[in-house]
Trainee: 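Sharing a structure, written as structure tokens. Questions coming.
For ligands, and for the atoms within them, numbers begin at 1 and follow the listed sequence.
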Amino acid sequence: MDQLTLRKPDDWHLHLRDGAMLDAVVPWTARQFGRAIVMPNLLPPVTTVAQALAYKARILAAVPGGLEFTPLMTAYLTDGTDADELARGFEDGVFAAVKLYPAGATTNSASGLTDISKATAVLERMQKIGMPLLVHGEVTDPAVDIFDREAVFIERVMIPLRKDFPELKVVFEHVTTRQAVDYVSAADAHTAATITVHHLMINRNAIFQGGIRPHMYCLPIAKREEHRQALRQAATSGKPNFFLGTDSAPHPRHTKETGCGCAGLFTAVAAIELYAQVFDEEGALANLEAFASLNGPAFYGLAPNSQTLTLARMAQTVPAHVDLPGGEAIVNFKGGEQIPWSISGAAAVPAD
Ligand code: DOR
Ligand code: ZN
């Protein structure tokens, strides 16, 4: 297969930031994705309906003319989150979901939940109204090895959470381990997982290849090869509870190339093309549409996009970086490398 037309995909986990960074990154996502779940880990975090509406307007202002792109906003769960505010935002169609960061787990997570028990009333309400919870699934206990934090999270948090709130829609975000794949595969339709393209493409060796590679550092951190293989199997399986979420997380170059660098890989520039490469390598291009365009909307109770995107086996060189004002830049995942797939067209789905 040298050409593939699919319903326009969506990105179910994305960081867009704000200000000049927002303006620089939005066009790259909007050219390939119809919608994206936008992470709320700004400073200060997006916690209210008013903040989400204002942020959404700033995102829409950054979408280039001629492109249709819908940001789906999320609320940042804190110890003090008001269930009424969340419910109001969900019922008015402002909030699509709520994001749970364990406090201290990752970038801008200081306002996150200190303990899941703090959110009992909020989770009960979300379960009742069908509002999805998106979970950064890593424990923050410093005694737990960084490579084990996701697997330990399943035992300590995810299993009890599912037992207490069996009907709550939960997305186990950016899964990186065989344990998480096994857990989600065995779960019922209320549990799903997103998988990033970088976790499908790199294992932990990439962080240390010939020296320390700050642009390969993200959270959850890339794991051993056996885990990458489990992720590739899950993503390409066509199973409804796995779908696309890039976790594309831009940081200015100087904040990564430093003594204590930020976590995050910027993959938005060629994300769908790289997912296509993975599915092609696995002989599973026929399942790309389910993973990228159908499973996510079905889980969120939305219709698939009404446009299509066509991918072609046509090599392209990924630009090395995306420029920011003042001589700064964001370094692209696979920047400067040739990759085998390109976007060759977009169209409306013909009416039946
Ligand atoms: O690598 C990451 N970067 N992981 C996260 O969970 C957050 C993200 C960011 O916001 O930079
Ligand atoms: Zn993220």
Trainee: Of all the atoms in ligand 1, which lie at a distance below 4.0 Å from a heavy atom belonging to H136?
Mentor: 6 (O)
Trainee: Considering only protein heavy atoms, which is closest to atom 1 (O) of ligand 1, and at what distance to one decimal place?
Mentor: L219 N, 2.9 Å
Trainee: In sequence, state the C-alpha distance, the side-chain angles, and the governing distance for W12 and Y300, and then conclude on ring-ring contact (aromatic ring centres under 6.0 Å, His included).
Mentor: CA-CA 10 Å; W12 298 99; Y300 277 84; 4.6 Å; yes
Trainee: I need the atoms of ligand 1 closer than 4.0 Å to a non-hydrogen atom of C218, numbered in the order shown.
Mentor: 1 (O)
Trainee: Of the protein's non-hydrogen atoms, which lies at the shortest distance from atom 7 (C) of ligand 1, and what is that distance?
Mentor: T106 OG1, 3.3 Å
Trainee: Among M39, R17, H15, whose heavy atom sits nearest atom 11 (O) of ligand 1?
Mentor: R17
Trainee: Please check if the distance between the ring centroids of F299 and F243 is under 6.0 Å.
Mentor: yes
Trainee: Restricting to N, O or S atoms, which atom of D247 is closest to the Zn ion (ligand 2)?
Mentor: OD1
Trainee: At the Zn ion (ligand 2), what's the angle from H13 NE2 to H15 NE2, rounded to 10 degrees?
Mentor: 110°
Trainee: Examine the proximity of ligand 1 to N41 and report which part, side chain or backbone, both or neither, has a heavy atom under 4.0 Å away.
Mentor: side chain
Trainee: For H251 and ligand 1, answer yes if some heavy atom of the residue is under 4.0 Å from a ligand atom, otherwise no.
Mentor: yes
Trainee: May I ask you to check whether H174 and H13 place their ring centers less than 6.0 Å from one another?
Mentor: yes
Trainee: Give a yes/no verdict on a cation-pi contact between R204 and F147, requiring under 6.0 Å between NZ or CZ and the six-membered ring centre and an angle within 45° of the axis.
Mentor: yes
Trainee: Could you walk me through whether L14 and T29 pass the side chain to side chain contact (heavy atoms under 4.5 Å, CB included) test, one step at a time?
Mentor: CA-CA 9 Å; L14 176 67; T29 287; 3.6 Å; yes
Trainee: Would you check if the distance from the ring center of Y101 to the ring center of Y76 is below 6.0 Å?
Mentor: yes
Trainee: Based purely on interatomic distance, does Y101 place a nitrogen or oxygen under 3.5 Å from a nitrogen or oxygen of ligand 1?
Mentor: no
Trainee: Between F266 and V25, is a side chain to side chain contact (heavy atoms under 4.5 Å, CB included) present by the stated rule, with each step listed?
Mentor: CA-CA 9 Å; F266 182 56; V25 302; 3.7 Å; yes
Trainee: Do any nitrogen or oxygen atoms of G264 come within less than 3.5 Å of a nitrogen or oxygen of ligand 1?
Mentor: yes
Trainee: Which protein heavy atom lies closest to atom 3 (N) of ligand 1, and at what distance to 0.1 Å?
Mentor: A263 O, 3.0 Å
Trainee: Would you check, one step at a time, whether the test side chain to side chain contact (heavy atoms under 4.5 Å, CB included) holds for R35 with K8?
Mentor: CA-CA 9 Å; R35 295 167 288 199; K8 199 166 187 194; over 6 Å; no
Trainee: Which of these passes salt bridge (charged side-chain N to carboxylate O under 4.0 Å, His left out) with R232: E226, E281, E225?
Mentor: E281
Trainee: If the cut-off is 4.0 Å to any non-hydrogen atom of A249, which atoms of ligand 1 fall inside it?
Mentor: 3 (N), 8 (C), 9 (C), 11 (O)
Trainee: Verify the distance test for E173 against the Zn ion (ligand 2): any N/O/S atom under 2.8 Å, yes or no.
Mentor: no
